[in-house]
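Order of the sequence lines sets the chain letters (A, B, ...), proteins ahead of strands, with each chain counted from 1.
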2 protein chains.
Amino acid sequence: MKIDPKNPADLSAQIAGAIRDAIISGGLIVDERLPSEAELAEQFDVSRPTVREALKRLAAQSLIRTQRGATGGAFVNRLSFEAAQPQQITTSTLLLSMNAVSFETACEARYALERACAPLSAERRTPDHLATMRAEIHRQSQPGLTDEAFCASDVAFHRALVDGAGNPVLSYQLAGAVEAMQPLMNMITFTARDRARIITLHTDIADAVEAGDGATTLAALTALETETQDLAQSVFAARAARS
Amino acid sequence: MKIDPKNPADLSAQIAGAIRDAIISGGLIVDERLPSEAELAEQFDVSRPTVREALKRLAAQSLIRTQRGATGGAFVNRLSFEAAQPQQITTSTLLLSMNAVSFETACEARYALERACAPLSAERRTPDHLATMRAEIHRQSQPGLTDEAFCASDVAFHRALVDGAGNPVLSYQLAGAVEAMQPLMNMITFTARDRARIITLHTDIADAVEAGDGATTLAALTALETETQDLAQSVFAARAARS
DNA sequence: GCGATTCAAATGCCAGACAATTAGAACCCG
DNA sequence: CGGGTTCTAATTGTCTGGCATTTGAATCGC
């Protein structure tokens with residue numbers, strides 16, 4: 001694990017990269033303790049603050065965790081899906097908001113990915129997943145719900161659908177795509193009629209999943225995508241006309 | 001933007017979180033310059049090293065970039081798909097290697113997601129994407145290729161297929177899934193016969209994409225998944241028997 | 001033996017300083 | 001007056017040294 005002192009890049013970035021590579025290549029294994037900050041400083045021939053900056057970089061990516069105290073130090077983190085998910089969502093959200101991705105493109109991606117899970121979910125979902133979906137549909141049908149709460153429930157519904165596939169890799173990937181869409185969805189004002197149509201389609205999906213019917217689930221999802229795209233288009237068109 | 005000095009969490013983590021929230025909520029816009037480290041230190045009533053640790057955390061997530069010099073400072077980064085992709089791949093790779101995800105699960109997720117792109121790619125792929133796919137197929141058919149190089153070419157082929165959908169959100173999500181599989185694929189030893197079958201299926205996919213035939217593309221992809229799963233199973237079984 | 005105390009190691013944080021870099025201002029000269 | 005050069009100020013990058021806090025373990029007293 002070496003760094004190049006003549007490299008113009010930040011020393012802390014180089015050190016972070018060296019340690020990251022060691023973790024990825026398996027040179028450092030999960031729960032292994034890194035040398036103390038003082039020892040690392042000596043190893044890389046830099047000061048302790050520089051080492052600390054490097055460690056903070058790694059901590060920001062959940063690659064390591066730190067503990068204080070006598071047996072403390074920096075430890076290689078077991079990167080769990082739960083820990084990685086918030087970062088994935090944050091990144092996806094920012095990517096959408098900063099890159100002028102059209103609603104259409106984001107929506108297409110989301111439903112394309114979701115359709116990938118749907119047949120698996122119809123086949124494998126547990127009663128729990130189905131119950132969550134039904135509960136969210138019920139929540140969505142309550143009057144007086146704000147648009148934000150409606151969208152949040154929509155996200156919960158779709159996450160239950162995705163989780164039903166029982167594949168953590170899929171759930172992880174989809175969480176980013178689905179959650180990142182929420183700010184875009186929140187820009188839409190839903191009329192009572194819009195909500196009714198969406199709830200109907202959600203019910204269709206839940207029914208198909210309950211029946212274990214992958215093809216029907218796919219069809220209902222596609223209908224929901226069409227509905228969502230049309231709705232967004234009309235909302236944005238109306239907004240453009242008003243201004 | 002405030003922090004709680006009584007919070008047990010690290011001050012640098014709190015500060016990083018506060019700035020991150022400001023970026024996500026739109027309080028800080030792209031390319032906006034943050035206050036200097038000295039000013040931030042005063043604002044949050046902490047020392048400059050603490051502020052620096054916070055900024056490094058954000059830099060590790062590509063949320064900010066820093067410039068030295070007179071007009072330097074920390075700037076809110078426009079998070080691009082290109083910049084986010086390597087992190088996405090690193091995270092996905094570590095998730096697979098650290099969580100005892102079975103080859104079967106990872107492979108299922110990858111092909112499920114890829115099938116989501118396939119019809120779109122068949123419809124929209126440019127000649128460039130097709131040419132890349134053909135070129136990779138040609139590379140794969142060369143004798144003397146190491147298993148690693150074969151897998152790398154496989155990844156390139158599939159990325160071209162995914163990129164053909166022309167949806168950056170899909171490409172971003174899929175890059176993680178496809179690239180993260182590579183270390184797992186590299187564990188497989190391919191016989192000449194294995195390669196020939198894979199190349200045949202790749203050619204089927206390329207042909208279907210060229211014809212703009214989404215359904216056939218899907219079928220070929222599914223056949224490739226089955227082939228891959230079978231191959232992996234036999235390789236792992238042989239390995240288990242040998243040991 | 002067991003509980004309380006002390007100790008040592010490690011991270012978290014701070015103050016101050018210097019080096020390196022960079023853009024812009026000031027200056028000089030033709 | 002214009003162009004090139006130098007100077008300067010601002011800012012990040014790094015270092016030194018130190019203190020505070022936490023925490024496990026060793027030690028001591030009972």
Side-chain angles (χ1 to χ4, degrees), chain A residues 1-20 22-23 28 31-77, chain B residues 1-20 22-23 28 31-77:
Chain A
M1 223 158 56
K2 288 288 186 303
I3 57 171
D4 174 14
K6 289 181 293 296
N7 193 309
D10 294 352
L11 289 175
S12 67
Q14 287 183 60
I15 294 171
I19 297 176
R20 177 166 39 240
I23 294 174
L28 294 167
D31 290 335
E32 184 172 345
R33 184 180 173 284
L34 294 170
S36 73
E37 295 176 355
E39 285 169 328
L40 284 173
E42 197 178 355
Q43 241 184 55
F44 288 113
D45 199 28
V46 297
S47 69
R48 198 161 78 93
T50 302
V51 168
R52 283 181 60 78
E53 287 178 7
L55 294 179
K56 296 309 173 198
R57 293 178 116 109
L58 299 175
Q61 299 175 301
S62 302
L63 291 184
I64 62 169
R65 63 179 183 280
T66 55
Q67 273 177 8
R68 301 178 65 169
T71 59
F75 298 83
V76 178
N77 226 351
Chain B
M1 223 156 56
K2 288 288 188 299
I3 58 171
D4 175 13
K6 289 180 292 296
N7 194 308
D10 295 354
L11 287 176
S12 67
Q14 287 184 59
I15 294 170
I19 298 176
R20 177 167 38 241
I23 294 174
L28 293 168
D31 290 335
E32 184 172 346
R33 185 180 172 283
L34 294 169
S36 72
E37 294 176 354
E39 285 169 329
L40 285 173
E42 196 180 357
Q43 256 187 51
F44 288 112
D45 199 27
V46 297
S47 70
R48 196 160 82 94
T50 303
V51 168
R52 282 181 61 78
E53 287 179 8
L55 294 180
K56 296 310 171 196
R57 295 179 114 109
L58 299 174
Q61 300 176 301
S62 302
L63 292 182
I64 62 170
R65 63 180 183 279
T66 54
Q67 275 178 6
R68 299 177 66 167
T71 59
F75 298 83
V76 178
N77 228 349

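Shortest non-hydrogen contact noted between A/I64 and A/A74 is CD1-CB, 4.2 Å. The nearest pair of heavy atoms linking A/R48 to A/A38 is CD-N, 4.2 Å. Taking all atoms of both residues into account, the shortest heavy-atom contact from B/A16 to B/R57 is CB-CD, 3.9 Å.
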Practice task
Determine, for nucleotides 4-16 of chain C in 5'-to-3' order, which nucleotides have protein heavy atoms under 4.0 Å from the base (write B), from only the sugar-phosphate (write S), or from neither (write -).
Solution key: -----BSBBBBS-
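Partners of B/R52 according to the salt bridge (charged side-chain N to carboxylate O under 4.0 Å, His left out) rule, which considers only residues two or more places apart in sequence or in another chain, are A/E53, B/E37. Checked against salt bridge (charged side-chain N to carboxylate O under 4.0 Å, His left out), B/R65 has the following partners two or more places apart in sequence or in another chain: B/D31. The salt bridge (charged side-chain N to carboxylate O under 4.0 Å, His left out) test applied to A/R68 returns no partner, not counting sequence neighbours.
Side chain of B/R33 to backbone of B/G72: a donor-acceptor contact under 3.5 angstrom is found.
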Listing time: all N or O pairs from protein to nucleotides 4-8 of chain D that are below 3.5 Å?
none

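Donor-acceptor pairing under 3.5 Å is recorded for the side chains of B/Q61 and B/R20.
Counting non-hydrogen atoms of other residues, nucleotides and ligands closer than 6.0 Å to CD of A/E32 gives a total above 12.
The CZ-P distance, from A/F75 to D/dG24, rounds to 10 Å in whole Å.
For the helix from C/dG1-D/dC30 to C/dG30-D/dC1, the rotation axes defined at the first and last 5 base pairs enclose an angle of 20°, given to the nearest 10°.
Note that CG of A/L63 is 11.0 Å distant from CG of A/L28, once rounded to the nearest 0.5 Å.
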